Amino acid sequence: MMLSKGLKRKREEEEEEKEALAVDAWWLEPGHPAVAQAPPAVASSSLFDLSVLKLHHSLRQSEPDLRHLVLVVNTLRRIQASMAPAATLPPVPSPPTAPGIADNLLASSDAALSASMASLLEDLSHIEGLSQAPQPLVDEGPPGRPSGAAPPSLGALDLLGPATGCLLDDGLEGLFEDIDTSMYDSEFWAPVSEGHKPSPEDGPGKEEAPELDEAELDYLMDVLVGTQALERPPGPGR
Amino acid sequence: MLGPWCSPTGSPAPLSCETGCREGSWILVCRLLVPTQVSLLSMEEDIDTRKINNSFLRDHSYATEADIISTVEFNHTGELLATGDKGGRVVIFQREQESKNQVHRRGEYNVYSTFQSHEPEFDYLKSLEIEEKINKIRWLPQQNAAYFLLSTNDKTVKLWKVSERDKRPEGYNLKDEEGRLRDPATITTLRVPVLRPMDLMVEATPRRVFANAHTYHINSISVNSDYETYMSADDLRINLWNFEITNQSFNIVDIKPANMEELTEVITAAEFHPHHCNTFVYSSSKGTIRLCDMRASALCDRHTKFFEEPEDPSNRSFFSEIISSISDVKFSHSGRYIMTRDYLTVKVWDLNMENRPIETYQVHDYLRSKLCSLYENDCIFDKFECVWNGSDSVIMTGSYNNFFRMFDRNTKRDVTLEASRENSKPRAILKPRKVCVGGKRRKDEISVDSLDFSKKILHTAWHPSENIIAVAATNNLYIFQDKVN
């Protein structure tokens, strides 16, 4: 049972790390003064990785649950914002190579790639808008077949299966699958302080984060909405 | 006893008994398993239960995922109770008629009709399988002898007609009793066919199929009070349909951003006002509710009212948004209030006050310190429904460990009950349950860490005028009744 597992782990850590004790105690009693002493970096980092895992898992579904996806992405944004003043990629206990691979991907995910994805997405949204606006006038044709001539696959978040693999190295996914999820049982997280919490309207540009974090968020958003764009051949604007 | 302020206008007859929040007043009427095949019952099976289910009980050990109940709904008189399951099937139960011989049997429900509403489909263009799971069932008010209901999966809404046939014509001239044509030479007399009684047969026929109007997953359907239209809502859009027209629908809400990168919010539930056919509400994943008036404009992207409670800074966390996501929204029968369910609370809002709810009820606040674990195992994304009782004085919602909670709005008392096989003796009185959050655990209490998070009560229903409730727990449907009734 997930919660029991977390409870056990908490007790082990109480013996090992004194600094963790404060957070553990706080986990039991929300009003504990140790809240202020909780190391946010550790908490945010593991939550961040967990959220990235969830995001990838969600994107791998043939038809992702949009609500789940949006909530995970928004949560990632919050975590991202709270991690901003800390190290860009806080040390993760295991596996050590995962953040390294992520770094390489981020380095390669440069502005040009983001821009091209954005423009592709614009094209997709435009075309989908044309197909959606007039109400479908269809007979009871083949089940599930959408109306009109416009290919339905242009729904931005509809097609994510095979395209996801193009951005994500298979090896990277394999590494994530190896991650020992028990480390996510820890309750190390602090409430996001006033200054760090971004409103949903704030774009990544408003953050004071170092360059790498902004690119990281862009990368995540592009993975979220941009992967299906790779299904289409690059447009002339590219 | 009903307080004056909560008497609904234009409502059904007031309850004949007190609200059911007193301890020890709820009893199990029957536990129904969704039937799929006739099977031999074990000899230990309770005789009462077998009779109730018309011998269609299924052996528990063969219950499959397809039998998981995904929606429960009473019709407008409470005579019928419909369930939909993950396998695309609809099962309708009918209340046992009152009889002098077995007075205590009134309140029990038997299988009335079973039919396959939706089949799994394959969208060839997107290479996607469309799940046959029934997301919602909504009854139409009865206007003739037949019953009508809407059932929907992720993509397609269907209108079903359920009708009884208890007579058949006999004495045709040209056909014999088996339907074979008679040799004209043998016909020497002319007779008028007569209707003779036959064993009751209940037929369900699909009358309309409303397809191809939703790119995203349908989460709600709601019948309008004009009885001519209804709406269907998916993650980003709401469409308005006329029952007679299946190849066209009007899009009345569209929150899809021009650039999907900007998507931060989805529609989670929607419902028409019970009396004003121009008014509806929809809730979002950000914990907001918008009330819209269809007279204002064709596309109701600009709301008439916007309900949102400011975030409590002391409770703020990474998970604030997820737990604020509204999983269900329901108008009160009176139409004066709306009730919303988010992960930890149920809130009642007055339509005239947008800045905060008038009542907030904690469903399982002991989970607040467990949100990280619940995020990890995805339980934090569970969508619980909520329901009003007939007089809008009691609200009910589900929780984990097969617990469900009732809140009496007048007395401010609440009770936690459990829908479990252990309490499954018919007429057994439900014992209130209590979750121990810390410190010494009493004998009857259950500790937070012992809760079974795989046993969730997501779907419940309350009879429109009596204290009878239906609670769906995986593949079991429990019907409870206030014993005072």
Side-chain angles (χ1 to χ4, degrees), chain A residues 1-4 6-7 27-28 30 44 47 50 54 62-63 65-68 70-71 73-75 78-79 82 118 121-122 125 129 132 135-140 142-147 151-153 155-159 161 181 184-187 189 191-192 194 197 200 221-222 224-226, chain B residues 119 121-130 155-156 209 211-213 215-217 235-236 239 246-251 256 258-261 263-266 268 285-286 313-322 325 368-370 372-378 381 438 448-453:
Chain A
M1 218 347 256
M2 201 59 71
L3 290 181
S4 319
L7 191 57
W27 174 65
L28 277 178
S44 304
L47 258 186
L50 173 60
K54 283 192 178 298
S62 51
E63 206 171 12
D65 179 349
L66 211 57
R67 171 183 167 262
H68 186 272
V70 160
L71 289 174
V73 166
N74 291 349
T75 305
R78 286 191 185 217
I79 299 168
S82 79
L121 197 61
E122 289 273 70
S125 301
Q132 287 294 334
Q135 288 310 314
L137 292 166
V138 290
D139 54 355
E140 310 297 348
R145 185 174 290 268
S147 65
S153 59
L157 280 160
D158 292 347
L159 257 193
T181 58
Y184 299 125
D185 285 352
S186 68
E187 299 292 343
W189 55 272
V192 181
E194 283 284 343
K197 175 189 176 316
M221 278 314 299
D222 291 337
L224 168 65
V225 299
Chain B
E119 299 273 6
E121 290 175 25
F122 196 75
D123 181 336
Y124 294 96
L125 274 174
K126 295 187 195 175
S127 287
L128 294 173
E129 195 176 289
I130 301 171
K155 300 285 184 177
T156 304
V209 177
N212 302 330
T215 307
Y216 305 102
H217 292 175
D235 293 317
L236 298 179
N239 294 332
T246 60
N247 60 1
Q248 245 186 68
S249 70
F250 286 102
N251 176 243
K256 182 171 183 290
N259 192 347
M260 279 295 268
E261 285 178 356
L263 180 67
T264 57
E265 192 174 12
V266 298
T268 52
S285 56
K286 282 198 171 156
S314 64
N315 268 337
R316 181 181 284 161
S317 74
F318 291 132
F319 308 112
S320 292
E321 182 176 322
I322 299 181
S325 173
R368 199 177 286 275
S369 56
K370 313 274 181 186
C372 198
S373 301
L374 294 165
Y375 177 63
E376 187 194 351
N377 64 16
D378 271 348
F381 298 101
V448 182
D449 298 312
S450 308
L451 294 174
D452 187 343
F453 288 81

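Chain letters run A, B, ... following the sequence lines, proteins first and then strands; every chain starts at 1. This structure is a prediction, so every number in the text was calculated from the model and none was measured.
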Contacting moiety of B/S325, where chain A heavy atoms sit under 4.5 Å: side chain
Proximal component of B/E119, with respect to chain A [non-hydrogen, under 4.5 Å]: neither
Heavy-atom donor-acceptor pair, A/R78 side chain to B/S317 backbone, under 3.5 Å: yes
Pairwise side-chain contact, B/D235 with A/V70, heavy-atom cut-off 4.5 Å (strictly under): no
Distance, nearest 0.5 Å, that separates NE2 of B/H217 from CZ of A/R67: 13.5 Å
Minimum heavy-atom distance between B/F319 and A/L47, given as atom pair plus value: CZ-CD2, 3.7 Å
Point-to-point distance, once rounded to the nearest 0.5 Å, from CG of A/L66 to NZ of B/K256: 10.0 Å
Interatomic spacing from CG in A/L71 to OH in B/Y375 - rounded to 0.5 Å: 9.0 Å
Non-hydrogen atoms of B/D378 and A/H68 that approach each other most closely: OD1-NE2, 3.3 Å
Under 3.5 Å: donor-acceptor pair, side chain of A/N74, backbone of B/T264: yes
